[in-house]
Number of protein chains: 2
Amino acid sequence: MTTGLGNSPARTSYRHGDLRRALIEAGVDLAGEGGPSAVVLREATRRVGVTPSAAYRHFADRQALLDAVCSSCQALVAGAIEADQARIPATDATESARLRFRAVGTGYLRFALEEPGRFQTAFSASSDLESATSSARAGERGLTPFQLLTVALDDLVTEGLLPAERRPAAEFLAWSAVHGLAELFIDGPLRALPDPVKQTLITRVIDMVEQGL
Amino acid sequence: MTTGLGNSPARTSYRHGDLRRALIEAGVDLAGEGGPSAVVLREATRRVGVTPSAAYRHFADRQALLDAVCSSCQALVAGAIEADQARIPATDATESARLRFRAVGTGYLRFALEEPGRFQTAFSASSDLESATSSARAGERGLTPFQLLTVALDDLVTEGLLPAERRPAAEFLAWSAVHGLAELFIDGPLRALPDPVKQTLITRVIDMVEQGL
DNA sequence: GCTCACATGTGCACAACGTACACATATCAG
DNA sequence: CTGATATGTGTACGTTGTGCACATGTGAGC
């Protein structure tokens, strides 16, 4: 019998009320502390103040919980991108489109550096192109990270910054470069680099994408 | 008591002889079957025909075994790159340098697609820039994947294909793009793409790097 | 060649994890 | 008010990583 001293405010009734949501939140916390492998079903139930078995009323298995946590983490990535985009001053439409595109990269990588565990979790689980547009993974504007990138690229074409014939599949090229840098930062060989050097690399990778697309 | 029917040829003596090597090989097999998380210490010892505890005479813990397996897998990546480079016909030095550079990317990505489990394992563990040049991770020519890339970029500069002022940190830019595409292929949203489309993306990402560096 | 120290493998134990199943209880429809 | 259903509990099992006492080959020095 737990004493209700956990994070949540001491369940009063036998029922929890919103256990599914609570488990996902606990999972996101765990992801932040230790990445996807730290999303441990028993620990999540422990933090919520519930028996391990209770989780199985809301998730088929640990992987299902992890998938849900992954979606939540992707929504956080979308939020980071939106935050960077929101900071762009209102200049002419062309320059603004260019900066919105770059903000997709900087927001993505800023989140990867600030929240490595959650970032890894966001892209750890089973996700195909279908689920990359699932609404559970969207930020405040209702767009997933992938969709934010797509929109930014479309705007580049509209503003004449990207030739239309180069547009197809451009999201995958841009995504590869930025995502790869994130991986090298987080548990790759660039982990130990001092922060200013990382910032320089971020700029240069985005330069490369902008020039190479 | 195992009957010695495993992979290895029925240990005759109490001593194994080369248990460390055998455990790493079993680990590489497991990595090929299910990625880094499939590198399970007990299963490795089982396949070798030995008690779980025996592994602790050669590795501090599971992570140490995984690190060794990771190094072996990186050597396999280096081998794949070398194989692609060896297939380049002898033309003029300039074109040859360009193709050797591209072969780093194609070999890297070919291995990622052919051996996703081992590829993931190769870059799953703790590795900084020091260990990226460790000889345990080298291929037949004695160079790690990272070193093969470095050499290829140096040759680009020598042949005048890359301005010297763009050379610094270029390995990280190129690596990011190619590594990112590999991640998107393996457990990212591009997993389900048909193979020809993947091949096209590989070409286009390397084009982007060549043009954007 | 014998002996003893040391390296290496065995056996057993424990805690943690994912998960299954029978049981208990709160909530809501009628 | 009553019963069906949703949701949480308790217990149990198999698997994993890992520590520790013990056993047994192997080689160094006499």
Side-chain angles (χ1 to χ4, degrees), chain A residues 1-4 6-27 29-31 33-70 121 124-126, chain B residues 1-4 6 8-24 26-27 29-31 33-70 121 124-126:
Chain A
M1 184 64 65
T2 65
T3 54
N7 287 340
S8 43
R11 190 163 31 126
T12 157
S13 72
Y14 181 84
R15 294 298 178 79
H16 180 279
D18 202 3
L19 183 55
R20 181 185 169 85
R21 184 90 46 189
L23 286 174
I24 294 178
E25 279 175 23
D29 286 351
L30 289 169
E33 296 163 21
S37 69
V39 180
V40 170
L41 189 142
R42 290 181 97 109
E43 176 62 18
T45 61
R46 214 173 288 135
R47 294 193 176 193
V48 172
V50 124
T51 286
S53 313
Y56 288 86
R57 299 295 175 188
H58 302 274
F59 300 97
D61 54 12
R62 182 198 111 105
Q63 185 60 47
L65 169 60
L66 186 56
D67 283 349
V69 171
C70 153
T121 307
S124 70
S126 51
Chain B
M1 184 67 63
T2 65
T3 54
S8 44
R11 189 165 31 127
T12 156
S13 71
Y14 181 83
R15 295 297 178 81
H16 180 278
D18 201 2
L19 183 55
R20 181 185 170 84
R21 183 92 43 192
L23 285 173
I24 294 178
D29 287 351
L30 289 169
E33 295 163 20
S37 69
V39 180
V40 170
L41 188 144
R42 288 182 99 108
E43 175 63 18
T45 61
R46 215 174 285 136
R47 294 193 176 193
V48 171
V50 124
T51 285
S53 313
Y56 288 85
R57 299 294 175 189
H58 303 274
F59 300 96
D61 53 12
R62 182 199 112 106
Q63 185 60 47
L65 169 60
L66 185 57
D67 283 349
V69 171
C70 153
T121 307
S124 70
S126 51

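Proteins come first, then strands; the chains are lettered A, B, ... in the order of their sequence lines, and each starts at number 1.
Between A:R21 atom CZ and D:dT7 atom C1' the separation is 17 Å, expressed in whole Å. Atom CG in A:L23 sits about 14 Å away from atom P in C:dT19, given to the nearest Å. Rounded to whole Å, the distance from CG on A:D18 to C1' on C:dT27 is 16 Å. Rounded to an integer number of Å, the gap from CG of B:L66 to C1' of D:dT16 is 15 Å. With rounding to whole Å, A:R46 atom CZ is found 17 Å from D:dG8 atom C1'.
OP1 or OP2 of C:dA7 has not a single side-chain nitrogen or oxygen of B:H58 nearer than 4.0 Å. Residue A:R20 has no polar side-chain atom (N or O) positioned under 4.0 Å from OP1 or OP2 of D:dG8.
Taking 4.5 Å as the limit, some side-chain heavy atom of B:L66 sits within range of a side-chain heavy atom of B:T121. B:L30 places a side-chain heavy atom less than 4.5 Å from the side chain of B:R47.
Test A:D18, A:L19, A:I24, A:L23 against A:R21 for side-chain contact (heavy atoms from CB on, under 4.5 Å) and you get one pass: A:D18.
A:R42 contributes no side-chain N or O that, together with a main-chain N or O of A:T51, makes up a donor-acceptor pair within less than 3.5 Å.
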Nucleotides 18-20 of chain D: which of its N/O atoms have a protein N/O under 3.5 Å away?
residue, atom, partner, partner atom, Å
D:dT18, OP2, B:Y56, OH, 3.0
D:dT18, OP2, B:R62, N, 2.6
D:dT18, O5', B:Y56, OH, 3.1
D:dT18, O4, B:R42, NH1, 3.1
D:dG19, O6, B:S53, OG, 3.0

For B:L41 and B:Y56, run side chain to side chain contact (heavy atoms under 4.5 Å, CB included): C-alpha distance rounded to whole Å, both residues' side-chain angles, the deciding distance at 0.1 Å, then the answer. CA-CA 10 Å; B:L41 188 144; B:Y56 288 85; 3.9 Å; yes
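A pairwise comparison of heavy atoms in A:A68 and A:F59 identifies CB-CE2, 3.9 Å as the closest pair.
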